[in-house]
2 protein chains.
Amino acid sequence: MEKNVTDLLREKGFKVTPQRLAIYKILTMTKTHPSAEMIFSQLQPSYPTMSLATVYKTVDILREIGMIQVLNAGEDSFRYDADTSDHPHVRCMECGRVDDLHDIDFSDFVDGVAKRTSYRLTGQQFYFYGICPDCQKRSAN
Amino acid sequence: MEKNVTDLLREKGFKVTPQRLAIYKILTMTKTHPSAEMIFSQLQPSYPTMSLATVYKTVDILREIGMIQVLNAGEDSFRYDADTSDHPHVRCMECGRVDDLHDIDFSDFVDGVAKRTSYRLTGQQFYFYGICPDCQKRSAN
DNA sequence: TATAATTAGATAATGATTATCAAAATAGAA
DNA sequence: TTCTATTTTGATAATCATTATCTAATTATA
């Protein structure tokens, strides 16, 4: 059975606060891979006193306890993803959106790298770049 | 035959300056994927009047004319690579070094993604994370 | 060599992220 | 439930990478 944030936070010695739960919930309910600023904005209506610093501190803890992963698809800010499964991402070079790529098999690729490098590998991150369907349509008009 | 920076800069309407050539040369002679700050430091002895701003402006131009590629392996700064061939990188989570991974075939992986996404793909960047040989030895002691 | 246009260098500005710290909230004991 | 030690929040200052601005110097071309 999957760990929930509440238990995991307590287990690792962190306190459970409404802010932390709210930030994690935002991340579980979106596929947009929001930045700290985006999370902060989305929480404004329901948590008007939320501080941006709290968002940063919280995502750092969530990453530390393994509940989220951190992305950087070549932008000037980091993005956060509650889907911690190993999956590639694709960023639209026009509008900047970042999407998941699921059901892609890259085990051969990873195996090949593991075999050829003298690094002891612990993880990886695959980023694709291109133009999203919406922006393709828009530029066609 | 390969284009050299001098010709390419002129061709694209940029002027050829000693600073630009020096920055490009640094990048061609290293495999360390230096950041702007690192390039700046390396040039200090021979170009004591070099400005960090010039480094930033130059790498941006070099990227624009396709002579270098820009990396971000999840760090707080960008790194630059004069090897513009498509190749994965691996970063040591302990010492922070970033190495190339050559002779790895990832065409099946890329083809699979191209087939399954509705994005029009233009490029990609693959980052692996782990512990480099040196740091493995160090921690073994 | 003269000149128009671009660039370098110095530095201020920006923007993301981190650090600081007092007041408030949490969790466990009583 | 109340008390209390500890952690966290929120406000804000600090930091650090990167970008913008501007003038003197440099480049490319006539």
Side-chain angles (χ1 to χ4, degrees), chain A residues 4-26 33-65 68 70-80 96 98, chain B residues 5-26 33-65 67-68 70-80 96 98:
Chain A
N4 62 50
V5 224
T6 304
D7 292 346
L8 204 52
L9 281 171
R10 288 225 180 83
E11 203 171 285
K12 303 275 183 175
F14 295 108
K15 295 195 169 171
V16 177
T17 69
Q19 290 88 338
R20 288 176 180 172
L21 297 179
I23 290 165
Y24 180 68
K25 191 174 183 190
I26 286 270
H33 313 87
S35 64
E37 188 70 44
M38 291 157 129
I39 296 171
F40 175 72
S41 301
Q42 280 192 51
L43 285 171
Q44 274 302 104
S46 35
Y47 290 79
T49 70
M50 171 79 66
S51 167
L52 188 53
T54 299
V55 176
Y56 278 106
K57 284 180 282 197
T58 298
V59 291
D60 193 52
I61 288 172
L62 291 174
R63 177 198 52 74
E64 189 181 332
I65 67 177
I68 66 173
V70 179
L71 308 180
N72 188 310
E75 298 166 294
D76 51 358
S77 61
F78 290 93
R79 286 168 174 262
Y80 306 94
V98 173
Chain B
V5 224
T6 304
D7 292 346
L8 203 52
L9 281 170
R10 288 225 180 82
E11 204 170 282
K12 303 275 183 175
F14 295 107
K15 297 196 167 170
V16 177
T17 68
Q19 291 89 339
R20 286 176 182 172
L21 296 179
I23 290 166
Y24 181 68
K25 190 174 183 190
I26 286 270
H33 313 88
S35 64
E37 188 70 44
M38 292 158 129
I39 297 171
F40 175 73
S41 301
Q42 280 194 51
L43 285 171
Q44 274 303 105
S46 36
Y47 291 78
T49 69
M50 171 78 67
S51 167
L52 188 53
T54 299
V55 177
Y56 277 107
K57 283 180 283 199
T58 298
V59 291
D60 194 52
I61 288 172
L62 292 174
R63 177 197 52 75
E64 189 181 330
I65 67 177
M67 293 300 281
I68 67 172
V70 180
L71 308 181
N72 188 310
E75 297 166 294
D76 52 0
S77 62
F78 290 94
R79 286 167 174 263
Y80 307 94
V98 173

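In this text, all values refer to a predicted model and were calculated from it rather than measured experimentally. What you see below is based on every heavy atom in this structure, not just the backbone, and it leaves out hydrogens, waters and symmetry mates. Protein chains get the first letters and strands the later ones, always in sequence-line order, with residue 1 at the start of each.
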Side-chain contact test, heavy atoms from C-beta onward, threshold under 4.5 Å: evaluate it for [X] versus [Y] and give yes or no.
X     : Y     : result
A/V70 : A/V59 : no
A/I23 : A/L43 : yes
A/T54 : A/T17 : no
B/Y24 : B/I68 : yes

In dot-bracket form, how is DNA chain C paired, counting a Watson-Crick or G-U wobble pair only if both its distances are under 3.5 Å and using | for bases paired to another strand?
-> ||||||||||||||||||||||||||||||
Is any side-chain N of the basic residue among A/K57 and A/D60 closer than 4.0 Å to the acidic one's carboxylate O?
->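 Salt bridge absent between A/K57 and A/D60.
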Close N or O pairs between protein and nucleotides 14-24 of chain C (under 3.5 Å):
residue : atom : partner : partner atom : Å
C/dT17  : OP1  : A/F78   : N            : 2.9
C/dT17  : OP2  : A/Y56   : OH           : 2.3
C/dT17  : O5'  : A/Y56   : OH           : 3.3

Contact summary for [X] and [Y], nearest pair of heavy atoms:
X     : Y     : result
A/S41 : A/P45 : O-CD, 3.6 Å
B/A36 : B/Y80 : N-CE1, 3.7 Å
B/E64 : B/F14 : OE2-CZ, 3.9 Å

Residues forming a side-chain contact (heavy atoms from CB on, under 4.5 Å) with B/S77, sequence neighbours excluded |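 With neighbours one apart ignored, the set is B/S35.
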In the 5'-to-3' direction, what one-character label does each nucleotide of nucleotides 25-30 of chain C receive under the scheme B = base within less than 4.0 Å of a protein heavy atom, S = sugar-phosphate only, - = no such atom?
-> -BS---
Applying side-chain contact (heavy atoms from CB on, under 4.5 Å), run through B/I39 and B/T58 and close with a yes or a no.
-> CA-CA 11 Å; B/I39 297 171; B/T58 298; over 6 Å; no
Walking along DNA chain D from 5' to 3', note the first and the last nucleotide with an atom under 4.0 Å from a heavy atom of chain A, and give both.
->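 Result: D/dT6 to D/dT12.
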Those residues that, when tested against A/R79, pass side chain to side chain donor-acceptor pair (under 3.5 Å) (two or more places apart) |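 Counting only residues at least two positions away or on another chain, A/R79 forms a side chain to side chain donor-acceptor pair (under 3.5 Å) with A/E75.
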Between B/R20 (side chain) and B/L62 (backbone), is there a donor-acceptor pair under 3.5 Å?
->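 No; zero donor-acceptor contacts below 3.5 Å.
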